[in-house]
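What follows is a short report on a single structure.
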Protein chains: 2
Amino acid sequence: MSWMYPRPMPSRSRQLAAGRPLAEQVRSRLAEGMAAGEWKPGEAIPSEAQLARDFGVAIGTIRKAVDGLVAQQALVRRQGKGTFVAAHDPGRLMFHFFHVVGRDGTKSYPEVTTLDFRRDRANAKDAAALGISPLEKVIRIRNVLSLGGRRAILDDIALPAELFPGLTEKIFLARDNTIYHLYQSRYGINVLRTDERLRATLATRAEAQVLGVGEGAAMLEIRRLAYTFRDRPVELRISRVDSEHFEYHNTLGKAEPI
Amino acid sequence: MSWMYPRPMPSRSRQLAAGRPLAEQVRSRLAEGMAAGEWKPGEAIPSEAQLARDFGVAIGTIRKAVDGLVAQQALVRRQGKGTFVAAHDPGRLMFHFFHVVGRDGTKSYPEVTTLDFRRDRANAKDAAALGISPLEKVIRIRNVLSLGGRRAILDDIALPAELFPGLTEKIFLARDNTIYHLYQSRYGINVLRTDERLRATLATRAEAQVLGVGEGAAMLEIRRLAYTFRDRPVELRISRVDSEHFEYHNTLGKAEPI
DNA sequence: AAGTGGTCTAGACCACTAG
DNA sequence: TAGTGGTCTAGACCACTTC
């Protein structure tokens with residue numbers, strides 16, 4: 001290369017290539033470390049000064065890389081303590097990934113009741129959505145979610161069994177936290193992004209019975225794909241929401257007020 | 001104050017107070033300038049070097065301030081040219097604020113037909129949503145939006161008349177761009193944030209007729225508030241979407257892939 | 001060649017946390 | 001007191017745009 005920043009001796013213990021911006025490369029490396037489980041959710045990554053030494057770059061470059069991961073909610077900074085891999089605590093779930101609220105705007109934590117848990121083969125739609133081959137193994141889970149004591153949502157979940165080795169109904173039911181927290185704490189799968197498609201449907205007899213609404217009532221259907229690092233799909237979820245008592249809330253372009 | 005950064009002589013032509021981080025203060029000042037029309041949509045703001053001189057801070061501090069406004073899509077950077085106030089071009093509309101797509105995922109630009117345009121007084125709901133007093137003047141507009149040649153959405157819009165002085169049906173119909181572009185180019189109102197609530201409803205006879213669906217068909221209803229600088233509400237819009245042929249698409253936690 | 005944004009370095013000092 | 005993140009300065013050089 002024809003130019004060189006005033007960095008006399010690279011001498012990095014973690015080598016970086018030339019070309020791509022250094023901050024981006026550092027960001028990728030940190031993300032890889034998290035995806036590989038080098039640092040687990042809730043744990044601290046090395047300090048910024050240490051990372052600067054490790055990568056042989058200025059601390060400002062490290063900060064820029066970390067800034068990106070913090071904005072993405074993959075990392076959390078705590079002044080005076082360190083920088084930690086984000087954990088799916090209930091708060092994060094609520095405000096980042098759970099968008100169903102009461103018609104009056106009240107938010108509450110969902111109470112989950114599992115109706116069914118079984119192993120199956122992927123059908124064509126599952127396979128296409130999850131990026132796996134048809135007939136690969138999937139885990140199917142059916143839940144009812146209640147909000148504020150009222151049945152609100154019927155969920156059908158499909159998971160690629162390969163990513164959740166050893167997941168049994170017993171383990172699933174014994175979790176002491178959110179479902180996403182289980183994915184993360186037991187399988188190191190950190191949901192970073194979701195893609196949702198919403199439409200309106202009429203409640204079938206079965207749906208109406210489970211949710212306690214009238215047959216033919218207007219229902220909100222949400223088809224959602226959840227992704228982890230490298231945009232790998234990890235969960236397909238179809239939710240049917242009692243639209244008479246609940247609604248879906250979405251804010252676009254949120255940022256610090258000015 | 002007991003400390004001082006190595007900044008010998010402030011000598012700022014635009015004074016900054018102490019206490020709050022400088023980058024935040026600069027960000028607020030730039031936002032105020034845009035809100036006040038000092039720099040209009042599509043125009044360039046002063047160069048980073050010039051702003052650094054004006055505010056008497058380092059260029060890195062200016063960059064940090066501008067970074068925030070760029071992330072918010074209030075500003076757009078163009079290397080070698082300058083930094084510009086964001087304009088509501090059709091592309092930005094589509095990918096930032098318009099979320100209805102075909103059931104097969106196809107995106108298309110909406111074609112707008114105006115059914116009604118009139119002046120009215122705000123009712124209690126309008127007033128509460130728009131943050132104005134009941135009985136203040138509002139402009140009401142009813143549109144049908146078609147996507148790919150098919151009627152898709154029935155929109156009822158309410159605008160605080162005070163913010164849109166002199167807006168007439170003629171002007172509204174004569175626009176040569178999106179509605180948000182009209183708000184922006186004529187009234188300097190830049191929509192930065194929207195808040196949407198979705199539910200499912202059954203098509204009324206009137207809605208069914210306008211959209212060409214069956215009476216009682218499942219419809220997606222979107223109640224949306226649009227905000228500009230300082231979180232001021234500027235538009236209330238209720239959309240009813242033909243959910244048989246179209247759906248609502250939402251991505252959460254999007255960020256640069258890693 | 002001049003001007004603009006884009007990336008990076010090096011180092012100062014502040015605010016917070018923990019032992 | 002030591003260590004961590006948070007803010008800011010000052011200046012280098014690169015890449016792009018325009019004249």
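We use all heavy atoms of the structure for the numbers below, so side chains are in, but hydrogens, waters and symmetry mates are not. Residue numbers start from 1 in every chain, and the chains themselves are labelled A, B, ... in the order their sequence lines are given, proteins ahead of strands. Given the structure is predicted, the values throughout are model-derived calculations rather than measurements.
Pairing for dG19(C) is absent, judged as Watson-Crick or G-U wobble with the two contacts each under 3.5 Å.
Atom CZ in R20(B) sits about 17 Å away from atom P in dA15(C), given to the nearest Å. Taking atom CG of L51(A) as the reference point, atom C1' of dG5(D) lies 12 Å away to the nearest angstrom. We find that CD of Q50(A) is positioned 18 Å from P of dA2(D), with the value rounded to whole Å. The interatomic distance linking R53(B) (CZ) with dT9(D) (P) rounds to 15 Å, in whole Å. The separation between K64(B) atom NZ and dT9(D) atom C1' is 13 Å, rounded to whole Å. Distance NZ (K81(B)) to C1' (dA2(C)): 16 Å, rounded to an integer number of Å.
Ring geometry, H99(A) versus Y248(A): the interplanar angle exceeds 60°, so the pair is classed perpendicular (tilted spans 30 to 60°).
Distance from the side chain of Q79(B) is smallest to dC16(D) among dT9(D), dC16(D), dT17(D). Listed nucleotides dT9(C), dG5(D), dA18(C) differ in distance to V57(A); the shortest reach to its side chain belongs to dT9(C). You'll find that the side chain of E48(A) is closest to dG5(D), out of dG6(C), dT17(C), dG5(D).
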Just do the salt bridge (Lys or Arg N to Asp or Glu O under 4.0 Å) check on E38(A) and R29(A) with the steps written out, would you?
CA-CA 11 Å; E38(A) 185 174 349; R29(A) 296 295 192 84; over 6 Å; no
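Residue R63(A) is in base contact, counting any heavy-atom pair closer than 4.0 Å across all strands shown.
Each of L159(B), L163(B), T178(B) was compared with Y183(B) under the side chain to side chain contact (heavy atoms under 4.5 Å, CB included) criterion, and only L159(B) meets it.
With no hydrogens or angles considered, a side-chain donor-acceptor pair links S28(A) and R20(A) at under 3.5 Å.
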